[in-house]
Amino acid sequence: MKFSEIKTMGQLEEAQRQVKKRVKNKGEAVKDSFRDMKESYSPGNMLLSGLRSVSSYVPVDQFLLTTVRRLKRSLSK
């Protein structure tokens, strides 16, 4: 509804409800975006991102996988 078309108090209240709902939805979207960003830039994810960029030159992921497998074997004995 365009605000210039509001003629009655009921229409005004409905328009206000719609605006409040849009603002609330936008606020939730911003919060969700922040949570996603916070999760993406966690220390663990930053470390993995760095390892991925280095692993194109050195097979770091294979080294880490081998290390984890050896640790699992030693712990299960």
Side-chain angles (χ1 to χ4, degrees):
M1 169 184 295
K2 292 184 180 180
F3 293 113
S4 61
E5 297 174 355
I6 296 174
K7 304 285 187 230
T8 66
M9 194 62 156
Q11 290 175 331
L12 176 63
E13 290 171 352
E14 178 60 28
Q16 287 175 333
R17 279 193 292 275
Q18 289 176 359
V19 168
K20 286 179 184 178
K21 184 178 179 181
R22 278 189 265 156
V23 168
K24 182 180 177 187
N25 290 341
K26 204 55 130 164
E28 291 298 321
V30 169
K31 286 179 189 177
D32 290 340
S33 176
F34 179 74
R35 281 187 212 113
D36 291 343
M37 183 185 67
K38 187 176 174 183
E39 184 177 311
S40 295
Y41 290 105
S42 70
N45 285 340
M46 294 294 285
L47 177 66
L48 287 175
S49 175
L51 286 175
R52 282 189 201 110
S53 66
V54 170
S55 70
S56 62
Y57 303 108
V58 178
V60 177
D61 53 345
Q62 292 175 0
F63 173 72
L64 289 175
L65 183 59
T66 304
T67 304
V68 168
R69 285 179 179 159
R70 287 181 183 166
L71 283 172
K72 282 179 70 175
R73 271 191 235 128
S74 68
L75 291 175
S76 64
K77 289 182 180 179

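In this text the structure is predicted, and so the values were computed from the model without any measurement.
- A distance of 12.0 Å separates CG of Leu64 from CZ of Arg69, quoted to the nearest 0.5 Å.
- Heavy-atom neighbours of Met37 CE from other residues, nucleotides or ligands within 6.0 Å: above the threshold of 12.
- Contact record, Leu12 with Ile6: N-CG2, 3.6 Å, taken as the closest heavy-atom pair.
- Separating the CE atom in Met9 from the CD atom in Gln16 is a distance of 7.5 Å, to the nearest 0.5 Å.
- Annotation: Arg17, atom CZ; neighbour count of heavy atoms from other residues, nucleotides and ligands within 6.0 Å is above 12.
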Pair Arg70-Arg73, side chain to side chain contact (heavy atoms under 4.5 Å, CB included): steps then yes or no: CA-CA 5 Å; Arg70 287 181 183 166; Arg73 271 191 235 128; 4.3 Å; yes

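- Both Phe34 and Met46 belong to a single network of hydrophobic side chains, linked directly or stepwise wherever heavy atoms of I, L, V, M, F, W or Y lie under 4.5 Å apart.
- Scanning both residues, Glu5 and Gln11, for their nearest heavy atoms gives O-OE1, 3.7 Å.
- Here the shortest heavy-atom pairing between Asn45 and Ser40 reads CB-O, 3.2 Å.
- Side-chain heavy-atom separations under 4.5 angstrom define the hydrophobic clusters, and Val30 shares its cluster with no other residue.
- Ser33 places no side-chain N or O within 3.5 Å of a backbone atom of Ala29 that could act as its donor or acceptor partner.
- At a threshold of 4.5 Å between non-hydrogen side-chain atoms, the residues Lys26 and Arg22 do not count as touching.
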